[in-house]
There are 2 protein chains.
Amino acid sequence: MKDVARLAGVSTATISRALVSPDKVRAETRARVMAAIDRIGYTPNALARNLRQMRTSTVILLVREIVNPFYLEIFRGVESAARQRGYNVLMSNVERSPERELEYFDLVRQRRADGIVLATGTLPDAGAGGSSDLPPLVVVSEYLPRDDLPTVRIDNVAAAAGAVEYLVGLGHARIAHIAGPLPEVLSRDRLAGYRAALERAGIETDESLVVRGDYSTHAGYRAGAALLNRRRRPTAIFAANDEMAMGAIKAAREAGLAVPRELSVVGFDDIKMASAWDPALTTVAQPCADMGARAMNWLADLLAGEASANGEVVLDTRLVVRDSTAPIQRSAS
Amino acid sequence: MKDVARLAGVSTATISRALVSPDKVRAETRARVMAAIDRIGYTPNALARNLRQMRTSTVILLVREIVNPFYLEIFRGVESAARQRGYNVLMSNVERSPERELEYFDLVRQRRADGIVLATGTLPDAGAGGSSDLPPLVVVSEYLPRDDLPTVRIDNVAAAAGAVEYLVGLGHARIAHIAGPLPEVLSRDRLAGYRAALERAGIETDESLVVRGDYSTHAGYRAGAALLNRRRRPTAIFAANDEMAMGAIKAAREAGLAVPRELSVVGFDDIKMASAWDPALTTVAQPCADMGARAMNWLADLLAGEASANGEVVLDTRLVVRDSTAPIQRSAS
DNA sequence: TTGTATGCGTTATCAC
DNA sequence: GTGATAACGCATACAA
């Protein structure tokens with residue numbers, strides 16, 4: 001920087017101004033400065049800038065498990081917005097280890113990151129007290145059971161209900177549900193939506209038609225096999241995510257049932273594989289990238305002191321009808 | 001820090017020493033310092049430390065496209081090693097935009113990151129000149145056609161040949177190949193391995209059995225459909241990745257062909273979905289996480305001045321035999 | 001073993 | 001509109 005200043009015949013303060021707030025520098029001076037910068041091949045040192053401004057221009061995206069393709073789409077939205085706002089994204093998967101989560105929260109205290117986009121559905125114990133000792137954060141997708149944190153999410157209850165209502169509209173009445181782990185709020189919401197839709201349709205709920213899984217294809221396979229072994233088997237299955245829906249379809253095929261002719265299956269998430277599956281999966285699409293982008297933009301606003309640190313944004317979902325669902329067959333009912 | 005110094009009755013230099021090189025501080029003093037740190041709840045400011053040491057303790061992982069689940073496993077390896085070495089990982093997908101790649105290379109010049117783990121198979125033009133103006137980097141998986149860069153990869157030629165030899169061993173002779181985009185060195189290597197194995201087996205190569213795709217399930221589906229429409233269709237297909245293999249299986253099923261009875265299919269990568277697919281996919285497993293970890297460790301050594309900036313590590317692959325391959329049927333040959 | 005003093009490269013404040 | 005200067009918080013060379 002000093003070299004540039006000497007070459008341009010100005011002080012280092014002017015170099016800084018020319019770069020940070022060009023309007024505060026006379027055009028002619030600015031041109032001279034820029035020419036000198038080009039000539040020398042100068043790049044401002046972010047380390048020094050960061051120290052001076054006490055900010056890192058880096059945020060952390062914390063996800064429950066990176067292998068879940070669903071988070072990838074969220075990441076894309078976060079990264080895209082971050083780039084536009086001049087932030088970098090530290091990606092981190094917690095793999096359901098609370099210590100790991102706490103470790104990443106600590107990065108903000110160490111001034112290695114400015115804030116967190118949280119998609120884990122949990123808070124480390126240390127931060128559970130008041131929101132006062134929490135770092136700047138925005139919750140996305142997997143929301144928390146407290147309403148004092150800025151949150152971007154979908155209405156899981158309504159989305160699940162919509163999927164089930166679609167099945168009801170196709171004539172199905174024996175509709176099973178493969179739920180996710182019920183400690184998780186998302187799983188509970190989707191189960192609640194399933195129940196609400198059946199109730200609204202005047203269909204008596206049969207608790208034996210609700211099976212729990214862990215969001216893996218294997219769990220979906222086992223759950224599907226169990227459901228299809230029943231004396232009166234369901235004619236449709238609503239799974240709490242796509243992977244379990246895929247597993248259920250695999251189980252159906254092994255049981256000799258044609259999907260969708262003899263069994264309709266609906267998933268949730270619309271991951272990339274959903275359209276490639278055989279048959280292509282009917283599923284609830286979430287605006288993942290949009291959720292990620294909004295969360296990141298909110299966080300950037302928060303860090304700039306331009307936004308409120310609580311509230312909620314609820315985005316719309318969309319039922320994508322593909323080839324895994326069909327009107328009920330008389331013979332199968 | 002000043003508060004801690006006052007409370008412990010020492011200078012700030014001693015605080016720093018107690019943290020950075022504890023052996024240079026008398027045990028008793030160290031204990032007093034640590035107690036004061038605990039009492040005050042002091043955390044060193046990484047911003048200041050970074051500036052002083054001219055390092056960020058952050059590395060960039062550049063991947064071609066984040067949606068490819070294959071990179072996720074690499075990321076896990078990189079992140080795990082990075083954590084152990086005290087680094088954070090900036091994850092970035094380039095989405096085949098050279099400007100984006102250059103932009104991330106620039107982050108090192110701006111001192112926002114110390115080095116790069118490169119999994120894109122390309123270098124930005126600016127760095128194409130000599131390795132002198134390249135940031136510290138280690139190439140992983142998608143290697144470059146120059147041997148002066150530290151590289152961690154598998155032997156794609158041998159791995160592909162092994163897969164084809166397995167099919168030959170099952171009695172197949174009409175073996176097709178769905179290749180990836182041939183500008184990419186990985187695609188070319190796998191094609192070369194396919195050819196080499198056929199030649200070694202004394203099977204005449206039939207160029208009409210080689211079809212190109214773009215690594216997507218859809219491309220695999222189209223390629224599979226095209227191959228199975230031939231007068232003399234293949235009895236086995238070796239696809240350059242799992243997703244194309246999955247698409248080919250879908251095409252086979254639609255053509256009324258049973259996999260593996262009437263058509264054997266082998267993939268490459270062993271992504272998570274491979275074992276969940278119906279039928280579970282026979283495929284070449286890469287040690288992704290290990291590749292990522294080795295690349296990261298090498299980079300860390302490089303940054304510490306403890307390793308050579310060129311060379312090559314070639315890791316072993318493993319053929320995972322599942323349900324998509326079977327001995328050839330006489331009737332189908 | 002510990003303290004003192006300096007500098008890392010910026011940017012913000014205050015003069016001019 | 002521009003320059004001089006201090007300060008951000010830490011780590012290190014040197015002195016004691």
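Below, chains carry the letters A, B, ... as their sequence lines are ordered, and counting in each starts from 1.
The side chain of A:R49 contributes an N or O atom lying less than 4.0 Å from OP1 or OP2 of C:dT11. Residue B:T14 has a polar side-chain atom (N or O) positioned under 4.0 Å from OP1 or OP2 of C:dG3.
Minimum heavy-atom separation, B:L315 to B:M291: CD1-CG, 3.6 Å.
Rounded to an integer number of Å, the gap from A:D3 CG to C:dT10 P is 11 Å. In this entry the distance linking CG of B:N50 with C1' of D:dC8 reads 13 Å, nearest Å. For the pair B:Q53 CD and C:dG9 C1', the interatomic distance rounds to 16 Å; values are reported in whole Å. Atom CG of B:L19 and atom C1' of D:dT12 are 15 Å apart (whole Å). If you take CD1 of A:I40 and C1' of C:dG9, they are 15 Å apart, rounded to a whole angstrom. Following rounding to the nearest Å, B:K2 (NZ) and C:dT4 (P) show an atom-to-atom distance of 12 Å. Distance B:R6 CZ to D:dG9 P: 14 Å, rounded to the nearest Å. Taking atom CZ of A:R55 as the reference point, atom C1' of D:dG9 lies 18 Å away to the nearest angstrom.
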Practice problem: Apply salt bridge (Lys or Arg N to Asp or Glu O under 4.0 Å) to the pair B:D133 and B:R109, showing each step before the final yes or no. | Solution: CA-CA 10 Å; B:D133 49 353; B:R109 288 193 41 238; over 6 Å; no
Quiz item: For A:R83 and A:E79, what are the C-alpha separation, side-chain angles and deciding distance, and is it a salt bridge (Lys or Arg N to Asp or Glu O under 4.0 Å)?
Solution: CA-CA 6 Å; A:R83 282 163 37 80; A:E79 199 213 16; 5.3 Å; no
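Remark: the B:R17 side chain and the C:dG3 base include a donor-acceptor N/O pair separated by less than 3.5 Å.
Projected onto DNA chain C by closest heavy-atom contact, B:M54 and B:R30 fall at different nucleotides, the more 5' of which corresponds to B:R30. Heavy-atom nearest nucleotides on DNA chain C were determined for B:K24 and for A:A48, and the one closer to the 5' end corresponds to B:K24.
For B:A13, taking side-chain heavy atoms from C-beta onward, the closest of the listed nucleotides C:dG3, D:dA4, C:dA12 is C:dG3. Comparing D:dC10, C:dG9, D:dG3 by their closest approach to the side chain of A:N45 singles out C:dG9. Nearest nucleotide to the side chain of B:S11, out of D:dT12, C:dT4, C:dG9: C:dT4. Out of D:dA6, D:dT2, D:dC10, the shortest distance to the side chain of A:T29 is found at D:dT2. Between D:dA11, D:dG9, C:dT10, one nucleotide has an atom nearer to the side chain of B:R52 than all others, and that is D:dA11.
Inter-residue side-chain proximity for A:D114 and A:Y87 is flagged as met; some heavy-atom pair is nearer than 4.5 Å. B:V59 is listed as a side-chain neighbour of B:L299, based on a closest heavy-atom distance under 4.5 Å.
Base contact: A:M1 has a heavy atom under 4.0 Å from a base atom.
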